[in-house]
Amino acid sequence: MKVSRDVFERLVDKALEELPPAFAKHFGNVMVEVRYLPDERTVHSMGIRDRRGLLGLYHGIPLTDRHVEAPPGMPDRITLYQANIERICRTKDELIQQIRHTVLHEIGHHFGLDEDDLDEVGYG
């Protein structure tokens, strides 16, 4: 299922707008961006063999690892990889659900959840 970049970004915005208020209030300083595919440097640094498998990536310091005396850093960032998400979806409804799932997965990392935790809550 392929859509334009503009449509994809609107679907991402909709997923973010639907965040529960309890999460949204801790998410204001996180930038969300869309890229077509992960670059080779990212794939290599993560030890990923096939870049088509990476749907999203959280860049930052999880809230659970922050310290009040630490100097402020760059804003946290979530990157969604449009081509990889589209590749596994056949319909627009599947695309909407996968974007939402990927956004929530990466937000989970922002809140300090690891892959096992995310599997446990259904966002692995």
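- Residues Ile85 and Leu37 do not share a hydrophobic cluster, defined by chaining ILVMFWY side chains whose heavy atoms lie under 4.5 Å apart.
- Using a cut-off of 4.0 Å between Lys/Arg side-chain N and Asp/Glu carboxylate O, Asp39 and Arg41 are scored as not salt-bridged.
- When the ring-ring contact (aromatic ring centres under 6.0 Å, His included) test is applied to Tyr81, no partner is found at least two apart in sequence or on another chain.
- With no hydrogens or angles considered, no side-chain donor-acceptor pair links His105 and His101 at under 3.5 Å.
- With rounding to the nearest 0.5 angstrom, the CZ atom of Arg52 is 12.0 Å from the CD1 atom of Ile88.
- Atom CG of Leu57 has more than 12 neighbouring heavy atoms from other residues, nucleotides or ligands inside a 6.0 Å radius.
- Among residues two or more places apart in sequence or in another chain, the side-chain contact (heavy atoms from CB on, under 4.5 Å) test is passed with Gln82 by Val3, Arg5, Phe8, Val34, Glu86.
- Remark: Val43 pairs with Pro38, Ile48, Arg51 by the side-chain contact (heavy atoms from CB on, under 4.5 Å) rule, at least two apart or across chains.
- Side-chain contact between Val103 and Ile78 is absent, with no heavy-atom pair separated by less than 4.5 Å.
- Scanning for side-chain contact (heavy atoms from CB on, under 4.5 Å) contacts around Arg10 gives Asp6, Val7, with sequence neighbours left out.
- Clustering ILVMFWY residues whenever any of their side-chain heavy atoms sit less than 4.5 angstrom apart, transitively, puts Leu54 in a cluster other than the one holding Leu80.
- In this structure, Glu106 and Val32 have side chains that are not in contact, with every pair of non-hydrogen atoms separated by 4.5 Å or more.
- Annotation: side chain to side chain donor-acceptor pair (under 3.5 Å) contacts involving residues 88-99, sequence neighbours excluded, comprise Gln98-Thr102.
- Evaluation of the side-chain hydrogen bond (donor to acceptor under 3.5 Å, both in side chains) rule for Lys14 yields Glu18 as partners, not counting sequence neighbours.
- Here the side chain of Asp76 pairs no donor or acceptor atom with the backbone of Val30 at under 3.5 angstrom.
- Cluster annotation: Leu16 and Leu55 are assigned to the same hydrophobic cluster (Ile/Leu/Val/Met/Phe/Trp/Tyr, side-chain heavy-atom contacts under 4.5 Å, transitive).
- Contact annotation: the side chain of Thr42 never approaches that of Thr79 to less than 4.5 Å [non-hydrogen atoms, C-beta and beyond].
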